[in-house]
Amino acid sequence: MTGGGPAISGTTRLIVAMGDPVAQVRFPEVFTRYCAERNIDAVSIPMHIPAAGLADAMRGFRVMQNLIGLSVTIPHKGPVAQHLDRLSERARRVGVVNAVRREPDGTLVGDIFDGEGFVAGLKHRKINLRDAKVWLVGAGGAGTAIAFALFDAGIGHLTIRDVAEDRAAALARRLAEYWPGRVATGTPDPAKIDIAINATPAGLRPDDPLSFDPSTLRADAVVADIIMRPPVTKLLAAAEKLGRRTHPGHHMLDHQVAIYAEFLRLAP
C-alpha cells in the first residue's frame, strides 16, 4: 500500500465490477482491500455498463490481457450467461452468474456465489436455517441464487414474491423440481415466517417504498436485506425501530470475497 491506496503498476491484474447502476456496488473497495492486505497484485474497478452495451463489453473483455475476472451485478446476472463459454454446475442449475473468470486464451467461465455468501453470513451470525420458514421478496438473479442456497442449507419452506408474478412462479417451479411441496408464491401468513428477505433493488434510493412491512412479522423474526448501500436501508431501519433482528446486505459480499479470490486463482 502506498499513499493510502493499492500500488498499481503494469503487472497489476484487473477485476471489473460491472452493473447498471454501479454507484451502490461495494465489491471494488472490498476486493481491492482484500488483495492489498495479502500483497496480491490485483485491483477491482467499477464499470457502468447498460444492458444495451453488454454484448459489446463482453467482446472487449475477452481481449483484455490483464483482465482476470468480472463481478456481475444488476441487471446482468442472468443475461451475461449467454456470453460465456462455460458455466459451473451451480451456475447452470441456478441460471444466473455473478462471477466470471477470464482464462489466458480469452475463454470466459461463469459461477454464482451470491447464495453461498448470503447463507454463510446468516450462519456466521447464528441465524437458524434448519427447517426455517422463509419469505423471499425478489426473484431476480440474486434472489434466485439465494433461494437455491437456502434450500441447500436446510430451510423448511420458502414463499416467493416478485412484482413480476410470472418470474416468481417460474422460480417456484424450478425449485419445486428439487424440493417438491416446499415452495409457494405470494404473501405468506407473516405469523409463520422466521426470516424475511428483501432481494430486490428497493432500498437503493431514499424514496423507494418498503418491499414488505416488517411490522406484520413476529417479534422474533429476522429481517434481511441484500442492499449494501446504504448500509442501513429504510427497511432495516424500520425493522430495528420495531425491535426486529436485522441482517444487513454487506454480509453477503463479505462472505464471498475469499471464494471469489479462489475462483480467480489469486494467491498471496
Side-chain angles (χ1 to χ4, degrees), residues 24 26 74 114-165 167-169 171-172 175-176 179-256:
Q24 81 287 357
R26 291 181 63 245
I74 55 172
D114 277 340
E116 281 62 30
F118 186 82
V119 165
L122 292 174
K123 289 181 176 179
H124 177 74
R125 301 188 69 220
K126 309 297 190 229
I127 294 173
N128 179 61
L129 293 173
R130 180 61 57 184
D131 298 325
K133 293 179 175 60
V134 182
W135 185 18
L136 177 68
V137 180
T144 297
I146 288 169
F148 275 89
L150 286 170
F151 272 117
D152 285 339
I155 67 166
H157 191 273
L158 181 70
T159 303
I160 308 163
R161 193 185 80 194
D162 195 281
V163 291
E165 294 181 4
R167 184 163 62 178
L171 175 55
L175 292 166
W179 298 281
R182 295 165 61 184
V183 189
T185 60
T187 301
D189 178 355
K192 296 181 179 180
I193 293 301
D194 300 303
I195 306 170
I197 305 164
N198 173 49
T200 78
L204 288 175
R205 296 170 296 273
D207 57 347
D208 283 343
L210 297 181
S211 54
F212 58 86
D213 182 357
S215 70
T216 63
L217 301 170
R218 294 196 321 261
D220 62 343
V222 175
V223 176
D225 206 329
I226 69 166
I227 299 296
M228 298 181 196
R229 279 203 178 102
V232 179
T233 61
K234 187 158 60 173
L235 173 65
L236 295 181
E240 288 176 355
K241 189 174 182 179
L242 291 163
R244 305 292 188 270
R245 185 177 181 184
T246 60
H247 186 72
H250 71 84
H251 292 287
M252 185 173 74
L253 175 59
D254 293 346
H255 286 83
Q256 287 185 67

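Position 1 is the first residue of the sequence; numbering continues from there.
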Value rounded to 0.5 Å, distance of [atom1] in [X] from [atom2] in [Y]:
X: T233; Y: I226; atom1: OG1; atom2: CD1; value: 10.5 Å
X: N128; Y: K123; atom1: CG; atom2: NZ; value: 10.5 Å
X: H250; Y: R229; atom1: NE2; atom2: CZ; value: 12.5 Å

Pairwise side-chain contact, [X] with [Y], heavy-atom cut-off 4.5 Å (strictly under):
X: P248; Y: V232; answer: no
X: R26; Y: P231; answer: no
X: R125; Y: R245; answer: yes
X: T216; Y: T187; answer: no
X: L236; Y: N198; answer: no
X: L150; Y: I197; answer: yes
X: Q24; Y: I227; answer: no

Check: Is it true that H251 and H124 have ring centroids separated by less than 6.0 Å?
Finding: no
Work out which heavy atom in [X] is nearest to a heavy atom in [Y]; give both atom names and the distance.
X: A239; Y: T246; value: CB-CG2, 3.7 Å
X: G140; Y: D162; value: N-OD2, 4.1 Å
X: D213; Y: S215; value: OD1-OG, 2.7 Å
X: A120; Y: H255; value: CB-CB, 3.8 Å
X: T200; Y: G138; value: CG2-CA, 3.5 Å
X: P230; Y: L204; value: CD-O, 4.2 Å

Next item on the list: I would like to know whether L171 and R167 meet side chain to side chain contact (heavy atoms under 4.5 Å, CB included); could you show each step before the answer?
Entry: CA-CA 6 Å; L171 175 55; R167 184 163 62 178; 5.9 Å; no
Note to self: Can you pull out every ring-ring contact (aromatic ring centres under 6.0 Å, His included) where at least one residue sits in residues 222-242? Sequence neighbours excluded, please.
What the structure shows: none
Checklist line | All pairs passing ring-ring contact (aromatic ring centres under 6.0 Å, His included) where residues 204-232 contributes a residue, at least two apart | finding: W135-F212
Note to self: Would L158 and F148 count as a side chain to side chain contact (heavy atoms under 4.5 Å, CB included) here? Give the steps.
What the structure shows: CA-CA 10 Å; L158 181 70; F148 275 89; over 6 Å; no
Checking [X] side chain against [Y] main chain: does a donor-acceptor pair fall under 3.5 Å?
X: R218; Y: I193; value: yes
X: R244; Y: L217; value: yes
X: R161; Y: V137; value: no
X: K234; Y: P206; value: yes
X: D208; Y: G203; value: yes

Item checked: Evaluation steps, side chain to side chain contact (heavy atoms under 4.5 Å, CB included), between V183 and F151 -> CA-CA 10 Å; V183 189; F151 272 117; 3.8 Å; yes
Check: Can you say whether the rings of F118 and H247 are parallel (under 30°), tilted (30 to 60°) or perpendicular (over 60°)?
Finding: perpendicular
Margin query: Heavy-atom count check: over 12 atoms from other residues, nucleotides or ligands less than 6.0 Å from E165 CD?
Written below: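 Counting neighbours around CD of E165, 12 or fewer heavy atoms of other residues, nucleotides or ligands fall under 6.0 Å, so no.
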Next item on the list: Begin with the C-alpha distance, continue with both residues' side-chain angles, and end with the deciding distance and a verdict on side chain to side chain contact (heavy atoms under 4.5 Å, CB included) for I155 and D194.
Entry: CA-CA 10 Å; I155 67 166; D194 300 303; over 6 Å; no
